[in-house]
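Following: one structure in structure tokens, then a few remarks.
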There are 2 protein chains.
Amino acid sequence: MSDLGTVDVSLTADEKFGEFLESRQMKYTTERRIIVDEVFSSHDHFDAEDLVAKLHRRRDGRRVSRSTVYRTLGYLVDAGLLRKMALGNREVYEHDYGYPQHDHLYCQQCSTLIEFKNDSLRSLRDEVCREHGFRPVSHRLVIYGTCANCNRSRVSKRRLDMV
Amino acid sequence: MSDLGTVDVSLTADEKFGEFLESRQMKYTTERRIIVDEVFSSHDHFDAEDLVAKLHRRRDGRRVSRSTVYRTLGYLVDAGLLRKMALGNREVYEHDYGYPQHDHLYCQQCSTLIEFKNDSLRSLRDEVCREHGFRPVSHRLVIYGTCANCNRSRVSKRRLDMV
DNA sequence: TTTCATGCAAAATGTTTGCACACGA
DNA sequence: TCGTGTGCAAACATTTTGCATGAAA
């Protein structure tokens with residue numbers, strides 16, 4: 001997983017979620033805490049069922065049902081803590097809060113996801129929007145292809161084939 | 001629907017699909033012809049169920065079952081005639097063959113989809129890929145926000161509110 | 001103690017598949 | 001004719017929902 005560093009934020013994800021819940025008269029339950037802990041313990045992209053599996057197989061007291069996982073993921077997106085995006089034919093979540101805006105390179109060979117940041121891309125996006133009188137809120141860009149590693153292997157393989 | 005013109009191609013979509021089917025020892029059946037006709041009769045974006053509905057409600061002899069619609073859409077993508085992409089939480093199809101490469105502005109207010117073409121974007125994409133040793137095959141970019149029309153209405157509304 | 005959340009099971013959605021019959025080349 | 005395709009219904013995969021019980025504030 002690429003690491004683009006962080007964006008300074010005054011609250012932890014946990015605190016931010018607490019504020020969100022409070023503002024909506026919702027409760028910060030044990031289950032919601034378990035989910036936030038799990039989700040923010042690593043920076044990997046994951047889909048709903050990945051998380052269900054992790055939290056469902058637990059033998060300790062920290063099991064959470066499928067419905068609660070799905071419901072809570074929705075709230076985390078609403079709270080601005082997670083972003084949901086389509087990757088091939090999977091729907092994956094990634095950290096949004098405290099993490100810089102970025103786009104993705106997705107290797108169709110080995111399924112590696114590379115994050116990258118490019119400021120010109122952002123300006124170009126805004127310029128296009130301006131030309132259309134369009135007010136951008138967000139965007140999703142995924143470039144599909146093959147990564148450096150896979151390109152290397154293929155070249156080696158091709159060379160071997162030639163021998 | 002925006003119209004970006006066409007790209008010159010030597011075969012009609014129908015002929016191209018015929019070639020594809022032949023190359024795979026598949027048959028160009030009545031149902032497949034009905035689907036190609038319908039899909040290429042307009043440039044709108046549509047999802048599988050839109051098409052199922054259109055072809056299922058027909059009273060003439062041109063009804064096609066749900067399974068055949070789904071199966072054929074897959075072949076049309078494989079044949080390079082259609083592109084599939086995520087739009088919000090829908091999966092929509094659009095023409096690929098004979099249509100220029102482009103990206104999308106999606107209005108979250110009125111659900112309008114605006115297509116645009118921007119060559120700098122393409123070069124920038126390729127530059128980013130080069131920096132990462134990544135070989136691009138395709139990409140999906142959707143910018144979410146509000147369109148000129150909706151921005152106008154909102155401004156008017158705001159002005160009225162102030163009176 | 002009141003209000004909201006959970007877990008379960010059922011339902012809803014979107015898509016794929018096995019199979020008997022039908023059709024295209 | 002032969003091999004493929006179709007339609008149907010059933011299976012699947014994913015996500016949502018109604019409801020009785022349980023926990024947070």
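Residue numbers begin at 1 in each chain, while the letters A, B, ... track the order of the sequences. Keep in mind that the numbers below use all heavy atoms, side chains included, and drop hydrogens, waters and symmetry copies.
- In this structure, B:Asn89 atom CG and D:dT16 atom C1' are separated by 13 Å, rounded to whole Å.
- Contact of B:Arg63 with D:dG7 (side chain to base): no donor-acceptor pair of N or O atoms is detected under 3.5 Å.
- Other residues, nucleotides and ligands contribute at most 12 non-hydrogen atoms within 6.0 Å of the CD atom of B:Glu22.
- Here C:dG7 is the nucleotide among C:dG7, D:dT15, D:dC8 with the atom lying nearest to any side-chain atom of A:Val64.
- Formation of a donor-acceptor pair under 3.5 Å by the B:Thr72 side chain with backbone atoms of B:Val69 is not found in this model.
- Rounded to whole Å, the distance from CG on B:Leu73 to P on C:dG14 is 14 Å.
- Although no hydrogens or angles enter the test, the distance criterion places a donor-acceptor pair under 3.5 Å between the side chain of B:Asn151 and the main chain of B:Cys147.
- Listed nucleotides C:dT6, C:dT15, D:dC8 differ in distance to B:Ser65; the shortest reach to its side chain belongs to D:dC8.
- Rounded to whole Å, atom P of D:dC8 lies 13 Å from atom CG of B:Leu55.
- Under 4.0 angstrom from either OP1 or OP2 of D:dT15 there lies at least one side-chain N or O belonging to A:Tyr70.
- For the pair A:Ser67 and C:dT6, the criterion of a side-chain N or O lying under 4.0 Å from OP1 or OP2 is not met.
- Ring geometry for B:Tyr99 against B:His102 counts as perpendicular: the plane angle is over 60°, on a 0 to 90° scale with 30° as the lower cut.
- If you take CZ of A:Arg66 and C1' of D:dA13, they are 10 Å apart, rounded to a whole angstrom.
- Nearest-nucleotide positions on DNA chain C for B:Met26 and B:Lys84 put B:Lys84 closer to the 5' end.
- In this structure, the CG atom of A:Leu21 is 10 Å from the P atom of C:dT6, given to the nearest Å.
- Residue B:Arg71 places a side-chain atom within donor-acceptor reach of the base of D:dG7, judged by atom type and a 3.5 Å distance cut-off alone.
- The phosphate of C:dT6 has OP1 or OP2 within less than 4.0 Å of a side-chain N or O from A:Arg32.
- Ring geometry for B:His132 against A:Phe116 counts as tilted: the plane angle lies between 30° and 60°, on a 0 to 90° scale.
- Side-chain atoms of A:Lys27 lie closest to C:dC4 of the nucleotides D:dG7, C:dC4, D:dT6.
- The distance from atom CG of B:Asp47 to atom P of C:dT13 is 13 Å, rounded to the nearest whole Å.
- Per the geometry, CD belonging to A:Gln25 stands 10 Å off P belonging to C:dA5, to the nearest Å.
- When the P atom of D:dT15 is taken as reference, atom CG of A:Asp50 falls 11 Å away, rounded to whole Å.
- Interface remark: the B:Thr30 side chain does not form any donor-acceptor pair with the C:dC23 base, using a distance-only criterion of under 3.5 Å.
- Remark: the A:Thr29 side chain and the C:dC4 base include no donor-acceptor N/O pair separated by less than 3.5 Å.
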